[in-house]
Amino acid sequence: KPGFKPDFVFLTDDRIQQLIEYAPESIFEQNVKNIFLVLIYTGMRYSDYATLKASDIHDGHLDKVAKKTKTRFKIPIHENIAEIVKSPPKMTGQVFNRGIKDLGEKLGWTELIRFRKDINEFVMMPFYDMLCSSVGRHTFATRALLNGTPHNIIMGWCGW
């Protein structure tokens, strides 16, 4: 329906810590974990992450033009992702989205949540099944808002 926006999910600080502490069982899981951490700590869309290059890093910041909106964004590089962004792992968005669901299930994020799918339609889904690249962006923006970051700063960081 025009104008309808479905619900979204984000990770709590406890879940972010759980992700950080998780010891991946394969290189693929390590890459999924690292990509998700970059999305959580930068608020980037996956399309911008997929085109991330070393030349996008300047003085401790990611400085890039958003592929979707053509808007420049500049975000400080958090210490938790400093090493990852120097040589970011690559995979397609579809492969990442499947991988993050599997990783969420392994982490035990299995509780059912009520999700508004349409204006009058709700479904119950396990939390891990809601995970996708957008959850990183939602987590970033939600955490920034909860920490009192002004909307205009968040908009600049996210390329809105």
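Computed from a predicted structure; not experimentally measured.
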**Request:** Measure across Val32 and Phe96 and return the closest heavy-atom pair with its distance rounded to 0.1 Å.
**Result:** O-CE1, 3.4 Å
**Asked** Are His58 and Lys74 close enough, and set up right, to give a side chain to side chain contact (heavy atoms under 4.5 Å, CB included), and what steps lead you there?
**Response** CA-CA 9 Å; His58 306 280; Lys74 186 174 182 179; 5.9 Å; no
**Asked** Below 4.5 Å, heavy atoms only, C-beta onward: do Phe36 and Leu19 meet side chain to side chain?
**Response** yes
**Prompt:** Should Pro24 and Asn31 count as side-chain neighbours, where that means a heavy-atom distance under 4.5 Å?
**Reply:** no
For a quick test of your reading: what N or O donor-acceptor pairs under 3.5 Å do the side chains of residues 147-156 make, sequence neighbours left out?
unit_1, atom_1, unit_2, atom_2, d
Asn147, ND2, Arg143, O, 3.0
Thr149, OG1, Ala144, O, 3.1

**Item:** Side-chain cluster (under 4.5 Å, hydrophobic types only) that Leu112 belongs to, other residues
**Value:** Met124
**Request:** May I ask you to test the Leu52-Lys90 pair for a side-chain heavy-atom distance under 4.5 Å?
**Result:** yes
**Prompt:** So, do Trp109 and Leu131 sit near enough that their side-chain heavy atoms are less than 4.5 Å apart?
**Reply:** yes
**Request:** Side-chain contact test, heavy atoms from C-beta onward, threshold under 4.5 Å: evaluate it for Ile75 versus His61 and give yes or no.
**Result:** no
**Message:** Before you tell me yes or no, could you show the steps for Lys64 and Asp48 under salt bridge (Lys or Arg N to Asp or Glu O under 4.0 Å), namely the whole-Å CA-CA distance, both residues' side-chain angles and the distance that decides it to 0.1 Å?
**Reply:** CA-CA 8 Å; Lys64 199 167 166 45; Asp48 295 323; 5.2 Å; no
**Message:** So, taking the atom named CG in Leu62 and the one named CD1 in Ile57, what distance separates them when rounded to the nearest 0.5 Å?
**Reply:** 5.5 Å
**Request:** Kindly say whether Tyr128 contributes a backbone atom to a donor-acceptor pair with the side chain of Lys101 at under 3.5 angstrom?
**Result:** no
**Asked** Any ion pair linking Arg15 and Glu111 (charged N to carboxylate O, less than 4.0 Å)?
**Response** yes
**Fill in**
dist Asn97:CG -> Tyr46:OH (nearest 0.5 Å) comes out at 8.0 Å
**Message:** Using only atom types and a distance under 3.5 Å, with no angle test, would you say the side chain of Gln17 pairs donor to acceptor with the backbone of Asp13?
**Reply:** no
**Item:** Short side-chain to backbone donor-acceptor contact, Lys33 and Ile20, under 3.5 Å
**Value:** yes
**Prompt:** Does Ile35 belong to the same Ile/Leu/Val/Met/Phe/Trp/Tyr cluster as Tyr22, with side-chain heavy atoms less than 4.5 Å apart forming each link?
**Reply:** yes
**Complete:** dist Thr110:OG1 -> Phe127:CZ (nearest 0.5 Å) comes out at 11.0 Å
**Request:** Without swapping roles, check the side chain of His78 against the backbone of Asn80 for a donor-acceptor pair under 3.5 Å.
**Result:** yes
**Prompt:** Are Ile113 and Leu11 joined in one hydrophobic group, where the rule is that I, L, V, M, F, W and Y side chains link up if heavy atoms are under 4.5 Å apart?
**Reply:** yes
**Message:** As a quick check of understanding, evaluate side chain to side chain contact (heavy atoms under 4.5 Å, CB included) for Phe140 and Leu39, giving each step before the final call.
**Reply:** CA-CA 8 Å; Phe140 174 84; Leu39 299 178; over 6 Å; no
**Request:** Output the distance between atom SG (Cys132) and atom CD1 (Ile100), rounded to the nearest 0.5 Å.
**Result:** 9.5 Å
**Item:** Pair Phe10 + His138: ring centers closer than 6.0 Å
**Value:** no
**Interatomic distance, Thr139 atom OG1 to Leu37 atom CG [nearest 0.5 angstrom]** = 10.5 Å
**Message:** If you define the side chain from C-beta out and look only at heavy atoms, does anything of Val123 sit under 4.5 Å from Arg114?
**Reply:** no
**Fill in**
Between the CG atom in Leu103 and the CZ atom in Arg98, the distance rounded to the nearest 0.5 Å is 11.5 Å
**Prompt:** Under 3.5 Å, is there a donor-acceptor pair between the Asn34 and Gln30 side chains?
**Reply:** yes
**Message:** Using the rule given for side chain to side chain contact (heavy atoms under 4.5 Å, CB included), can you reason through Ile16 versus Tyr41, listing the C-alpha separation, both sets of side-chain angles and the distance that settles it, and then say yes or no?
**Reply:** CA-CA 10 Å; Ile16 295 169; Tyr41 283 101; 3.5 Å; yes
**Request:** Determine, for Phe73 and Arg45, whether the Lys NZ or Arg CZ falls below 6.0 Å from the six-membered ring centre while staying within 45 degrees of the axis.
**Result:** no
